K.L.:
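The following block contains the structure, expressed as structure tokens.
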Amino acid sequence: MSPGIGSWITLSSALFCIGLAGVMLRRNPLVILLSLEIMLNAGNLLLVAGSRYVGGNDGHVLALTVMAVAAAEVVVGLGLIVALARRGAPLDVDELRSLRG
Amino acid sequence: MGIVIFYLAGAAAIGSAIAVIVQRNPFLAALSLILHLGSLAALYLVLQGDFVAVAQLLVYAGAVMVMFLFVIAYLGDRADLDLRRGGIGAGAAAVAGLAIFIETVVAVSDSNSVLTSPAQVADSFGSPQTIGRLFLTDHLLAFEAISLILLVGAIAGVVLGAGDLLPKRPEGAPDEREPRGERYDLRRELQRREHEAESEVGA
């Protein structure tokens, strides 16, 4: 016994919106990255659920692809944060407005 | 059974996701995210996505979150900024999030008769063998693209982590930036520090 796909869509959408609110509310880039992970995982959950209900493994393949992309994204994001911290910049995305030079 | 785990793990996922975004301490936020990823892995198991569930635990809860925790530990109390946007930003975030969620709920409640039960699948559904075969046949392009993305990510991690490799502005290049009042300016701050260091050496 398993819930209909509507329940999965609702759960995934709730998680996505929580992540979206986190990205828009928080100013600490670390927490923004964490919220991005929540959004990506909400998408993954929907992919796997769709795969199960339609019957086919393509959703799983796409979910694994998203995981790899998310890992690369985290590497770049954390690298940027560490580079900023080394230069003594504040960890606050509202203050980090100048990207030149 | 499946429906019980769905509600338990779904509630855990939502609760820990909310904990991530309201938590002041980034370390505790990262730990909440690990709980979130774990409950998602349980949900994948309900959906017979065995391989995805294991990959979720290994790649996300294992590798990615360890990297997060290392960076948070490296930054120490500098990461510990309790910063929220107030006013317009918070309102826009709430409206955007709620709008998407309500739209989805309405769309779902309109289509209750679609896909109410899972498809009939073979035992090999979601097994590593099946997914590996798909990756090497139908989705070979995605497979190769992943390898490129991970390579670029690794290079970016090294370049950004070893700050000395970043290109520097040439000596004596004109600074075309207009001064911007009281706002924090990274370049000016760096110049000030260099100047201080030089004057210390001179003294």
Side-chain angles (χ1 to χ4, degrees), chain A residues 1-7 9-11 13-15 17-22 24-28 30-31 34-35 37-38 41 45 48-49 52-55 57-58 60-61 63-65 67-69 71-72 74-76 78-83 85-92 95 98 101, chain B residues 2-3 6 10 13-14 17-18 20-21 26 29-30 33 40 43-44 47-49 52 55 59 64 67 71-72 75 78-79 81 83-85 89-90 93 96-97 100-101 104-105 108 112 115-116 118-119 121 126 130-131 134-135 139 142 146 149-150 153 156-157 160-161 163 169 184 186-187:
Chain A
M1 179 61 191
S2 192
I5 198 169
S7 313
I9 296 176
T10 311
L11 173 62
S13 152
L15 292 176
C17 296
I18 292 171
L20 178 67
M24 295 179 77
L25 283 175
R26 299 299 297 260
R27 295 198 294 189
N28 188 337
L30 275 167
V31 183
L34 292 175
S35 305
E37 296 299 315
I38 295 179
N41 274 291
L45 180 64
V48 176
R52 179 71 186 85
Y53 279 76
V54 174
N57 277 117
D58 299 315
H60 293 189
V61 171
L64 289 167
T65 311
M67 274 187 205
V69 173
V74 166
V75 168
V76 175
L78 289 179
L80 283 173
I81 292 175
V82 169
R86 281 186 169 187
R87 283 161 177 71
L91 288 182
D92 177 354
E95 296 289 326
S98 57
Chain B
I3 208 157
F6 171 79
I14 289 182
I18 292 176
V20 169
I21 69 167
L33 188 62
L40 280 184
L43 290 173
Y44 293 158
L47 292 166
Q48 292 184 30
V52 182
V59 175
V64 170
M67 198 158 61
V71 168
I72 291 171
L75 295 177
R78 303 206 40 203
L81 293 175
L83 291 172
R84 306 245 171 94
R85 287 200 186 95
I100 295 178
F101 181 62
T104 317
V105 170
V108 164
N112 268 335
L115 291 177
T116 48
V121 288
T130 315
I131 293 172
L134 274 178
F135 256 128
H139 301 286
I146 289 174
I149 289 170
L150 289 179
L160 291 170
R169 205 155 54 87
Y184 182 89
L186 185 58
R187 184 188 289 169

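Predicted, not measured: the structure shown is a model, and the values here were computed from it. All chains are named by letter (A, B, ...) in the order of the sequence lines, taking the proteins before the strands, and each is independently numbered beginning at 1.
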K.L.:
My understanding is that only residues two or more places apart in sequence, or in another chain, count here; which of them pass side chain to side chain donor-acceptor pair (under 3.5 Å) with B:T104?
P.N.:
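Once residues adjacent in sequence are excluded, the partners of B:T104 under the side chain to side chain donor-acceptor pair (under 3.5 Å) criterion are A:S13.
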K.L.:
What closest approach, in Å, do B:V108 and A:G6 show between heavy atoms, and which atom pair accounts for it?
P.N.:
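Shortest heavy-atom separation between B:V108 and A:G6 comes out as CG1-CA, 3.5 Å.
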K.L.:
May I ask you to decide if B:I21's main-chain N or O and A:R26's side chain share a donor-acceptor pair within less than 3.5 Å?
P.N.:
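Yes, because the side chain of A:R26 sits within donor-acceptor range (under 3.5 Å) of the backbone of B:I21.
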K.L.:
What part of B:I146 lies closer than 4.5 angstrom to a heavy atom of chain A: side chain, backbone, both or neither?
P.N.:
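For B:I146, the contact with chain A is made by the side chain alone.
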K.L.:
For the candidates A:A49, A:G19, A:A71, A:A63, which exhibits the highest count of non-hydrogen atom pairs separated by less than 4.5 Å from chain B?
P.N.:
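Going by pairs under 4.5 Å, I would pick A:A49.
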K.L.:
In terms of heavy-atom proximity below 4.5 Å to chain A, should B:V52 be classed as side chain, backbone, both, or neither?
P.N.:
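Contact with chain A is through both the backbone and side chain of B:V52.
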K.L.:
Return the set of residues passing side chain to side chain donor-acceptor pair (under 3.5 Å) with B:T130 (not counting sequence neighbours), or none when no residue passes.
P.N.:
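Partners of B:T130 under the side chain to side chain donor-acceptor pair (under 3.5 Å) test: B:S127.
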K.L.:
I need the residue from A:L15, A:L80, A:V76, A:V69 with the largest number of non-hydrogen atom pairs under 4.5 Å to chain B.
P.N.:
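Option with the greatest count: A:L15.
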K.L.:
Can you name the nearest heavy-atom pair linking B:L47 to A:Y53, along with the distance?
P.N.:
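Shortest heavy-atom contact: CD2-CE1, 4.0 Å.
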K.L.:
Looking at B:A156, B:G157, B:A17, which has the largest count of heavy-atom pairs under 4.5 Å with chain A?
P.N.:
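The option with the most such pairs is B:A17.
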K.L.:
Of the listed residues (A:V74, A:D58, A:L78), which shares the most heavy-atom pairs with chain B below a 4.5 Å separation?
P.N.:
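Among the listed options, the one with the most contacts to chain B is A:L78.
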K.L.:
If I take atom CG from residue A:L20 and atom CZ from residue B:F101, how far apart are they, to the nearest 0.5 angstrom?
P.N.:
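A:L20 atom CG to B:F101 atom CZ measures 13.0 Å (nearest 0.5 Å).
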K.L.:
Heavy atoms only: give me the nearest A:N28-B:P26 pair and the separation to one decimal.
P.N.:
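That closest heavy-atom pairing would be ND2-CG, 4.1 Å.
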K.L.:
Would you name the heavy atoms of A:L34 and B:A30 that are closest together and state the gap between them?
P.N.:
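Minimum heavy-atom contact is CD1-N, 3.8 Å.
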K.L.:
Does some side-chain heavy atom of A:M67 sit less than 4.5 Å from a side-chain heavy atom of B:V64?
P.N.:
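No, their side chains stay 4.5 Å or more apart.
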K.L.:
Between A:L11, A:I81, A:L45, A:I9, which shows the greatest number of heavy-atom pairs under 4.5 Å with chain B?
P.N.:
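Option with the top pair count is A:L45.
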K.L.:
The test is side-chain contact (heavy atoms from CB on, under 4.5 Å); show your working for B:L33 and A:I38 and say whether it passes.
P.N.:
CA-CA 8 Å; B:L33 188 62; A:I38 295 179; 3.6 Å; yes
K.L.:
Among A:V31, A:V54, A:L64, which has the most heavy-atom pairs under 4.5 Å with chain B?
P.N.:
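The candidate making the most pairs under 4.5 Å is A:L64.
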K.L.:
What closest approach, in Å, do B:G153 and A:A72 show between heavy atoms, and which atom pair accounts for it?
P.N.:
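Nearest heavy atoms, B:G153 then A:A72: CA-CB, 4.5 Å.
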K.L.:
Closest approach of A:N57 and B:G126, non-hydrogen atoms and distance?
P.N.:
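Where A:N57 meets B:G126 most closely, the heavy atoms are ND2-N, 3.0 Å.
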